[in-house]
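Structure record follows, encoded as structure tokens.
A, B, ... follow the sequence lines: proteins, then strands. Residue 1 opens every chain.
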Amino acid sequence: MPNRTADSDQRIVQDWLGDGYKAIFRRRLLRWYRSNRRDLPWRTTPDPYRVWISEIMLQQTQVTTVIDYFHRFMSRFPNVRTLANADLDDVLRLWEGLGYYRRARQLHAAAKVIVNEFGGAFPQEVSGWQNLPGVGRYTAGAITSIALNRPAPILEGNTIRLFARLLGLEADVRSTRGQRILWSFSEELVDGPEPSKFNQAVMELGSLVCRDRQPQCTACPAWPACRAFSSGNQTRIPVSSYKVVYEKVCEAAIIATRGGKVLMRQCQPGERWTGLWDFPRFPWLDHEPERQLASSLEQLSGLRVALTPDSFSLRHAVTRFRIELRCFRGEVVGGRLATRTAFRWVSLAELPKLPLSATGRRIANHFLRAHGLEFD
DNA sequence: AACACGGGGAC
DNA sequence: GTCCCAGTGTT
């Protein structure tokens, strides 16, 4: 018997709606939102540009992390034309430390599309937004509802959790079926007046009250409409089979200098931090002798370096990797930089302008501090 | 359906 | 340590 049919999906949503929960939920939610909404910088005006930038930055990134980046970005690129005309490196430099750098490239590319193909006018509907690079189903719905006040559904971390609990959803929220049910629910809910306020309110409730750990059910305005709460399942829902396996890796970086310049390398396509700059970096197996590192660098760059004994270590977590990074200093003693490599000599004055990987920036700061230089 | 993509917050 | 965060795009 097909248990997983569109019919049974619909029944979960329809049962909830059939119990008259929608009107109760809506009224209590919006009243709660009026007195509990946070003042966030992208909520000052419904400007599609500001909402768009904020939504891209907020992808997989917490609100508190985004706020400073958003201010800096808006003051440097106040509108879509300044963004479209900017150098990609300047956009990346502002994105430095935020992660998921593809977002910055796609944002820049999308700004060019909007200016060059749409004459600077933003799309007015979900499909138009979703055709832009970096804008998926969630972001298209968010911009269309929040900035244009159109009844477009959204589904992201906060609403997945809130909706799954409201419905008492037992299915894995990441599965195709779970996603189908939740999107359908979101579409039913947003169909009404004030979709902009409504979508911001459900996200705010999910973030502040219907939290991942220790949901504040006794303070929740939606409790009368919540199936998880009524059955005591609020900590068991949402169900997710998510599992990460961490891996430790050892690497070594070389701060190679010649005169007043330092050797940097641009990360290539297929590597992590594609397009960003980093110090030459190698796997460091079995803590092999340092001369092996110098040899690796010579093979790749053509430069011979003498490593000095002073070194320092730093740890960095990236996706599922735990990197233990040993950083060495080296002076170039011979050879010449091979042509057509990803390497480049960079002056200390240029270093602050180059978009660097997170560890690259940490090493650069460490190095510059040791030379009595400060920046940023 | 599973994976790559970054870095940091919260406990 | 562990899980998650206003997800998207590719395989």
Side-chain angles (χ1 to χ4, degrees), chain A residues 37-38 40-43 50-70 92 95-107 109-110 129-147 152-163 172-180 183 186 196 199-208 210-214 235 238 240-248 267 269-276 278 314-323 355-362:
Chain A
R37 73 190 284 273
R38 289 170 290 183
L40 299 172
W42 45 90
R43 284 190 177 152
R50 293 172 69 86
V51 173
W52 171 42
I53 302 300
S54 73
E55 289 301 339
I56 300 295
M57 286 188 168
L58 285 161
Q59 288 170 5
Q60 293 291 286
T61 310
Q62 295 184 180
V63 167
T64 52
T65 304
V66 165
I67 291 176
D68 286 344
Y69 281 90
F70 182 80
L92 285 170
W95 212 267
E96 199 185 274
L98 200 52
Y100 286 146
Y101 299 95
R102 188 174 57 181
R103 291 183 294 177
R105 302 167 190 291
Q106 291 177 318
L107 194 61
W129 278 103
Q130 203 171 342
N131 283 334
L132 292 169
V135 179
R137 189 173 179 186
Y138 161 74
T139 304
I143 300 170
T144 309
S145 60
I146 295 172
I154 55 166
L155 193 64
E156 40 66 73
N158 295 311
T159 41
I160 287 171
R161 195 170 51 248
L162 173 65
F163 294 168
D172 185 331
V173 294
R174 304 165 71 89
S175 68
T176 304
R177 180 169 117 91
Q179 289 285 304
R180 196 166 55 226
W183 273 108
S186 179
S196 174
N199 274 350
Q200 293 182 76
V202 283
M203 287 193 280
E204 198 81 328
L205 185 65
S207 172
L208 300 179
C210 196
R211 303 198 298 229
D212 175 42
R213 278 174 286 196
Q214 293 184 270
T235 55
S240 174
S241 57
Y242 184 70
K243 201 71 182 173
V244 261
V245 180
Y246 293 103
E247 190 179 327
K248 282 181 185 154
C267 301
E271 297 179 336
R272 196 180 305 283
W273 302 306
T274 301
L276 298 194
D278 194 12
L314 52 85
R315 266 181 261 280
H316 184 63
V318 49
T319 316
R320 62 185 194 85
F321 297 101
R322 307 293 189 189
I323 300 174
L356 264 49
S357 70
T359 47
R361 183 59 69 194
R362 284 172 65 185

With a 4.0 Å cut-off on heavy atoms, is [X] in touch with a base, just the backbone sugar-phosphate, or nothing at all?
X	answer
A:N158	base
A:R322	base
A:W95	nothing
A:S54	nothing
A:Q106	sugar-phosphate
A:L40	base
A:I154	nothing
A:V66	nothing
A:A358	sugar-phosphate
A:R43	base

Can you tell me, in whole Å, how much space there is between the [atom1] of [N] and that of [M]?
N	M	atom1	value
B:dG8	C:dT8	P	22 Å
C:dT10	B:dG6	P	14 Å
B:dC5	C:dC5	C1'	14 Å
B:dC3	C:dC3	P	16 Å

Which residue, A:W273 or A:S175, contacts DNA chain B at a nucleotide closer to its 5' end, judged by nearest heavy atom? A:S175

Between A:R362 and A:R174, who's closer to the 5' end of DNA chain B by nearest nucleotide? A:R174

In A:I67, A:V63, A:L98, A:T65, the residue satisfying side-chain contact (heavy atoms from CB on, under 4.5 Å) with A:M57 is A:L98

Tell me, with the steps shown, if A:E55 and A:V51 meet side-chain contact (heavy atoms from CB on, under 4.5 Å). CA-CA 6 Å; A:E55 289 301 339; A:V51 173; 4.1 Å; yes

Taking for A:R38 and for A:Q130 the nucleotide of DNA chain C with the nearest heavy atom, the one nearer the 5' end belongs to A:R38

Closest to the 5' end of DNA chain C, once A:K248 and A:E55 are matched to their nearest nucleotides, is A:K248

Identify the 5'-most and 3'-most nucleotides of DNA chain C with at least one atom closer than 4.0 Å to a non-hydrogen atom of chain A. C:dT2 to C:dG9

Rounded distance (Å) that lies between atom [atom2] of [N] and atom [atom1] of [X]:
X	N	atom1	atom2	value
A:Q59	B:dA4	CD	C1'	15 Å
A:L98	B:dG8	CG	P	10 Å
A:I56	B:dG7	CD1	P	18 Å
A:L107	B:dC5	CG	C1'	17 Å
A:D68	B:dG7	CG	P	17 Å
A:R320	B:dA4	CZ	C1'	10 Å
A:L92	B:dG6	CG	P	11 Å
A:Q60	B:dG8	CD	P	15 Å

Is it the case that atom CZ in A:R38 sees more than 12 heavy atoms from other parts of the structure closer than 6.0 Å?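 Atom CZ in A:R38 is packed in, count exceeds 12.
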
Begin with the C-alpha distance, continue with both residues' side-chain angles, and end with the deciding distance and a verdict on side-chain contact (heavy atoms from CB on, under 4.5 Å) for A:Q179 and A:I160. CA-CA 9 Å; A:Q179 289 285 304; A:I160 287 171; 4.1 Å; yes

Indicate yes or no for a side-chain donor-acceptor contact from A:R50 to the backbone of A:P41 under 3.5 Å, with no hydrogens or angles considered. yes

To the side chain of A:R272, which of B:dA4, B:dC5, B:dG8 is closest?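 It is B:dC5.
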
Side-chain touch A:L205/A:L162, heavy atoms, less than 4.5 angstrom: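 Touching, per the 4.5 Å side-chain cut-off.
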
Indicate the atoms forming the closest heavy-atom contact of A:G134 with A:I56, along with that distance.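 Looks like O-CD1, 3.5 Å.
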
What orientation do A:W52 and A:W129 show, parallel under 30°, tilted 30 to 60°, or perpendicular over 60°?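 If you compare the ring of A:W52 with that of A:W129, the planes turn out tilted.
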
Contact under 4.0 Å: A:Y101 side-chain N or O vs B:dG7 OP1/OP2: yes

I'd like to know if A:T61 reaches the base of B:dG6 with its side chain, counting only an N/O donor and acceptor under 3.5 Å.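 Between B:dG6 and A:T61, which were checked side chain against base, a qualifying N/O pair under 3.5 Å is present.
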
Dump the intermediate steps for side-chain contact (heavy atoms from CB on, under 4.5 Å) on A:I146 and A:M203, then the final yes or no. CA-CA 12 Å; A:I146 295 172; A:M203 287 193 280; 4.0 Å; yes

